[in-house]
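The structure under discussion appears below in the form of structure tokens.
Values below: every heavy atom of this structure, side chains too, minus hydrogens, waters and symmetry copies. Indexing begins at 1, ligand by ligand and atom by atom, following the structure's order.
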Amino acid sequence: MVAFTISHIFLVFLLYPFQYSSSLSSLNKGSFLSVEKHAEDVLVSSNGTFSAGFYQVGENAFSFAIWFTELRNHNPNNIVWMANREQPVNGKHSKLYLLNTGNILLLDAGQLNTWSSNTASNDPLELYLKEDGNLVLRELKGTTILWQSYDFPTNTLLPNQPLTRYTKLISSRSYSNYSSGFYKLFFDDNNVIRLDYDGPDVSSTYWPPTWMSSWDAGRSNYNSSRIALLDSLGKFISSDNYIFSTYDYGTLLQRRLTIDSDGNIRVYSRRNLSENWYVSWQVISNTCIIHGICGANSTCSYDPKKGKKCSCLPGYKLKNYNDWSYGCEPMFDFTCNRSESTFLKLQGFELYGYDGNFVQNITYKGCESLCLQQCNCTGFQYTYKDDSNIFECYTKLQLLNGRHSPSFPGTTYLRLPKGKNFSKQESVSVKDHICLVQLSKHYFTKPTDNLVRFFLWISIAVGGLEFVFFIVVGVCLNKTKKKSSANQNSYHHAILGFRRYSYYELKVATKNFSNEIGRGGGGVVYRGTLPDQRDVAIKRLNEAKQGEGEFQAEVSIIGRLNHMNLIEMWGYCIEGKHRILVYEYMENGSLAENLSSKTNTLDWSKRYDIALGISRVLAYLHEECLEWILHCDIKPQNILLDSNFQPKLADFGLSKLKNRNDLNNNSTFSMIRGTRGYMAPEWIFHLPITSKVDVYSYGIVVLELITGKNPTLMNIEGEDGEMTYNGSLISWVREKKRSQCWVEEILDPSIGTSCDLSKMEILVRVALECVEEDMDIRPNMSQVVEMLQNNERVVE
Ligand SMILES: *[C@@H]1O[C@H](CO)[C@@H](O)[C@H](O)[C@H]1NC(C)=O
Ligand SMILES: *[C@@H]1O[C@H](CO)[C@@H](O)[C@H](O)[C@H]1NC(C)=O
Ligand SMILES: *[C@@H]1O[C@H](CO)[C@@H](O)[C@H](O)[C@H]1NC(C)=O
Ligand SMILES: *[C@@H]1O[C@H](CO)[C@@H](O)[C@H](O)[C@H]1NC(C)=O
Ligand SMILES: *[C@@H]1O[C@H](CO)[C@@H](O)[C@H](O)[C@H]1NC(C)=O
Ligand SMILES: *[C@@H]1O[C@H](CO)[C@@H](O)[C@H](O)[C@H]1NC(C)=O
Ligand SMILES: *[C@@H]1O[C@H](CO)[C@@H](O)[C@H](O)[C@H]1NC(C)=O
Ligand SMILES: *[C@@H]1O[C@H](CO)[C@@H](O)[C@H](O)[C@H]1NC(C)=O
Ligand SMILES: *[C@@H]1O[C@H](CO)[C@@H](O)[C@H](O)[C@H]1NC(C)=O
């Protein structure tokens with residue numbers, strides 16, 4: 001204690017003369033900020049957005065930091081920079097000096113120089129915090145900047161703060177421990193911006209995925225300027241051609257881009273200091289692909305609803321209950337004796353990296369004995385490769401980056417000692433802090449709400465903010481699309497979603513836009529074939545009125561939606577005036593074509609499946625995703641059928657998303673969207689537009705599906721003479737329903753005679769509920785799904 005004080009006095013003496021600084025806008029030569037006065041000794045930016053000073057990071061531990069000025073308690077989310085993240089200083093006698101030599105020095109009590117700016121100048125200097133969060137040491141006369149915090153980011157970039165070849169972002173160790181963690185974002189030697197896991201024992205790249213070339217990942221490695229920047233409107237551009245726009249792109253908000261301690265890059269936004277942060281973008285939605293996330297000897301499984309889950313492998317136990325990064329350790333002793341080992345089969349389980357051997361065209365027994373030959377082989381992966389028709393064997397030296405997914409083609413065999421029963425149930429499993437968000441079903445009944453309030457609302461509802469969007473986006477963006485095939489392609493698409501094409505590529509793919517297959521309000525659709533032989537439908541939009549950023553934001557929302565009943569977008573093109581969208585090609589055309597075709601082959605079960613599939617995707621868009629994804633134009637023309645006659649909803653909301661901001665504004669939203677014959681009465685009566693407009697249109701489509709009668713034609717013919725808006729098909733069905741044997745009477749003759757009438761009856765009943773005049777009486781889409789699914793189970 002005495003030594004402490006003496007050394008402190010000694011220091012102060014050394015650094016004399018200092019006057020106490022109470023100037024909060026800047027620090028001049030010879031003045032200091034002191035940790036005891038951490039509440040007052042704060043540099044504040046001119047408009048008060050940012051503050052810099054001593055920030056308490058633990059008991060009696062402080063770091064010199066910059067943070068978004070806050071109202072309430074300390075919130076780790078506000079910190080944007082730290083001078084001494086690895087080495088906090090004592091809560092007594094620590095100071096930040098601007099020395100007369102021109103150096104900034106952070107002194108811990110009793111210890112010299114925890115951190116310094118390594119600057120020197122004889123001129124008068126000032127250290128001040130700019131309104132953009134940049135802490136700058138500059139000459140008072142002249143404009144020379146000697147040092148700025150923007151050049152030394154920690155885990156966060158602020159808008160317009162470049163990431164360069166000289167800088168990198170390193171995650172914090174955990175949410176509350178600001179020391180450097182395991183994940184970093186930087187430009188590699190090939191000019192590509194990437195994410196690495198740099199763990200205590202091993203390191204590896206996880207984004208973009210190593211198994212694909214940077215070119216396939218949509219990156220260019222020719223541009224050696226190595227600069228990436230998030231602008232203040234929410235668009236991120238990197239010189240390797242990696243570009244994204246946040247979901248709230250276009251608004252001036254407080255924003256920060258952070259590499260979180262779980263290795264994901266997220267952009268957070270908020271309006272001002274009295275609001276909560278929400279996640280407006282994240283790079284990786286299936287967080288199980290992040291290396292090291294569950295530690296060694298573990299497995300990560302991802303459920304879009306529940307988030308990520310870590311478990312120890314059978315026979316292993318968790319090392320540290322508070323921190324999964326320590327992984328799991330074996331509960332047994334390894335033995336080299338071949339006859340004492342046995343293998344446990346883990347289906348749909350993949351381990352990345354750390355292979356001892358890789359052998360192709362080998363039998364299972366061969367692979368097993370290969371593993372047994374190596375004392376340190378902990379298991380092996382035995383995979384059948386579809387495309388080359390051979391078996392592959394990978395023996396594993398370490399069990400790292402384990403990932404479980406029912407759709408993985410591979411099987412892993414875990415080496416365990418014989419005679420012990422390590423059943424799978426013995427594994428410990430710990431969920432991370434993800435809560436399921438239930439969105440308000442009536443969001444749009446308050447048309448004054450806006451997107452930001454919406455996010456705020458969920459933030460408040462959840463009480464935390466870190467994982468809010470994780471769920472909302474995770475649910476929407478990460479549904480694994482294909483149930484069965486998990487080949488590299490779908491894997492690829494699940495991770496990267498889609499890519500940007502050049503106009504030339506698409507021109508070649510469509511043979512100069514020669515094969516027109518459709519035409520709509522938004523543009524013309526052509527058939528084409530990509531160089532990798534995938535068939536595509538290419539939609540060339542008419543003159544786009546909106547700005548490029550907005551277009552990209554839309555594309556990035558749509559392109560990352562994933563549902564088996566949603567048409568998949570593979571990419572887009574923006575070049576000059578061209579705005580082109582690239583979709584998967586649907587062999588069986590649209591439902592409308594099928595219904596009107598003379599050779600209609602849609603039997604009752606296909607029709608039932610179509611109704612069920614469309615209800616599922618609408619439930620997904622309305623309820624699992626952000627509720628503002630209303631389709632607004634459900635009709636048979638927009639329902640496409642794949643080779644198995646599975647329905648895929650297309651054209652979803654592009655026209656609506658184009659004017660997404662209108663959703664919040666009743667007057668412009670009252671501009672009628674949709675197609676006559678399928679539109680809900682709300683449009684006519686200027687009632688609030690909710691997801692129930694889609695429910696209504698869905699009901700009409702189902703009625704058309706069953707009766708084969710086109711509601712728009714019925715209206716024109718005025719079959720029932722009433723000419724009520726859009727009511728004729730409905731009232732015709734309602735009327736028929738009064739008689740006996742009504743189901744047979746209304747059925748489309750082309751359905752044929754072998755038909756499950758009870759199922760058709762359920763469909764009609766559900767459809768009639770959906771087309772209730774009063775939107776409050778209509779069921780919501782998940783109720784529809786439930787009614788149809790329950791019925792399916794009972795009947796089969
Ligand atoms: C600071 O606030 C004033 C008034 O609100 C505004 O005009 C000015 O642009 C702001 N300055 C910065 C750097 O944001
Ligand atoms: C923070 O993490 C570092 C690095 O892992 C560790 O050395 C330190 O003890 C941790 N601090 C706290 C307070 O847990
Ligand atoms: C390289 O990237 C920078 C930053 O994105 C950009 O300004 C520049 O035009 C690019 N250069 C080339 C040759 O594409
Ligand atoms: C923050 O923004 C909200 C919504 O725009 C506004 O009502 C509030 O007054 C703002 N608070 C401050 C402190 O600026
Ligand atoms: C993981 O298990 C292996 C044995 O399979 C063991 O050697 C290693 O130490 C374990 N890793 C950790 C982090 O405990
Ligand atoms: C291996 O184990 C078997 C059965 O436990 C035993 O009979 C045999 O002697 C062991 N071999 C060696 C080399 O230890
Ligand atoms: C795999 O083995 C089969 C038969 O043993 C052989 O015909 C085939 O060429 C082998 N394939 C490769 C890639 O080695
Ligand atoms: C595994 O064992 C082999 C010899 O059987 C040895 O060459 C290799 O270094 C070992 N690897 C590890 C990671 O221990
Ligand atoms: C292993 O244990 C599980 C329950 O812990 C039990 O169901 C199973 O039958 C056991 N298997 C063997 C081979 O003992």
- Message: Using heavy atoms and a 4.0 Å limit, tell me yes or no: is P330 in contact with ligand 5?
- Response: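 It does, in that a heavy atom of P330 comes within the 4.0 Å cut-off of ligand 5.
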### Task
Only counting residues at least two apart or in another chain, list the ones meeting side chain to side chain contact (heavy atoms under 4.5 Å, CB included) with I170.
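Testing I170 for side chain to side chain contact (heavy atoms under 4.5 Å, CB included), a comparison that skips the adjacent residues, returns R85, K168, S180, K184.
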Please confirm whether Y316 comes within less than 3.5 Å of ligand 5 when only nitrogen or oxygen atoms on both sides are compared.
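Yes, there is a polar N/O contact under 3.5 Å.
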Report yes or no: do [X] and [Y] form a side-chain donor-acceptor pair below 3.5 Å?
| X | Y | value |
| --- | --- | --- |
| T156 | T258 | yes |
| D240 | S220 | no |
| S179 | R173 | no |

**Message:** Does the plane of the ring in H291 sit parallel, tilted or perpendicular to the ring in Y206? Use 30° and 60° as the thresholds.
**Reply:**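 Judged by the thresholds at 30° and 60°, the geometry between H291 and Y206 is tilted.
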Can you name the atoms of ligand 5, numbered from 1 with element, that are less than 4.0 Å from a heavy atom of [X]?
| X | value |
| --- | --- |
| C328 | 1 (C), 10 (C), 11 (N), 12 (C), 14 (O) |
| K319 | 12 (C), 13 (C), 14 (O) |
| T378 | 5 (O) |
| E329 | 14 (O) |
| Y326 | 13 (C) |

- Query: Purely on distance, is any nitrogen or oxygen of R173 under 3.5 Å from one on ligand 2?
  - Reply: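 Right, the criterion is met.
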Check: If you measure from the Lys or Arg side-chain nitrogens to the Asp or Glu carboxylate oxygens, is any gap between D248 and R255 under 4.0 Å?
Finding: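 Yes, D248 and R255 are salt-bridged.
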> If you count the atoms of ligand 2 from 1 in the order shown, which ones are under 4.0 Å from a heavy atom of S179?
Replying inline: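 With S179 as reference, the close atoms of ligand 2 come out as 1 (C), 2 (O), 3 (C).
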Checklist entry - With hydrogens left out, which residues have an atom under 4.0 Å from ligand 3, given that only heavy atoms count? => result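 If the criterion is a heavy atom under 4.0 Å, then ligand 3 touches N223, S225, I227, S239.
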Measure SG to SG for C310 and C300 and state whether it is below 2.5 Å.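 Their SG atoms do not fall under 2.5 Å; no disulfide, then.
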With H38, which of F54, F62, Y55 fulfils ring-ring contact (aromatic ring centres under 6.0 Å, His included)?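 Among the candidates, only F62 passes.
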(message) Holding to ring pair (Phe, Tyr, Trp, His ring centres under 6.0 Å), I want the full list of residues that pass it with Y501, two or more places apart in sequence or in another chain.
(response)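 Scan of Y501 (ring pair (Phe, Tyr, Trp, His ring centres under 6.0 Å), adjacent residues dropped) gives none.
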Considering residues at least two apart in sequence or located in another chain, which fulfil the ring pair (Phe, Tyr, Trp, His ring centres under 6.0 Å) criterion with F343?
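Result, ring pair (Phe, Tyr, Trp, His ring centres under 6.0 Å) vs F343: F380.
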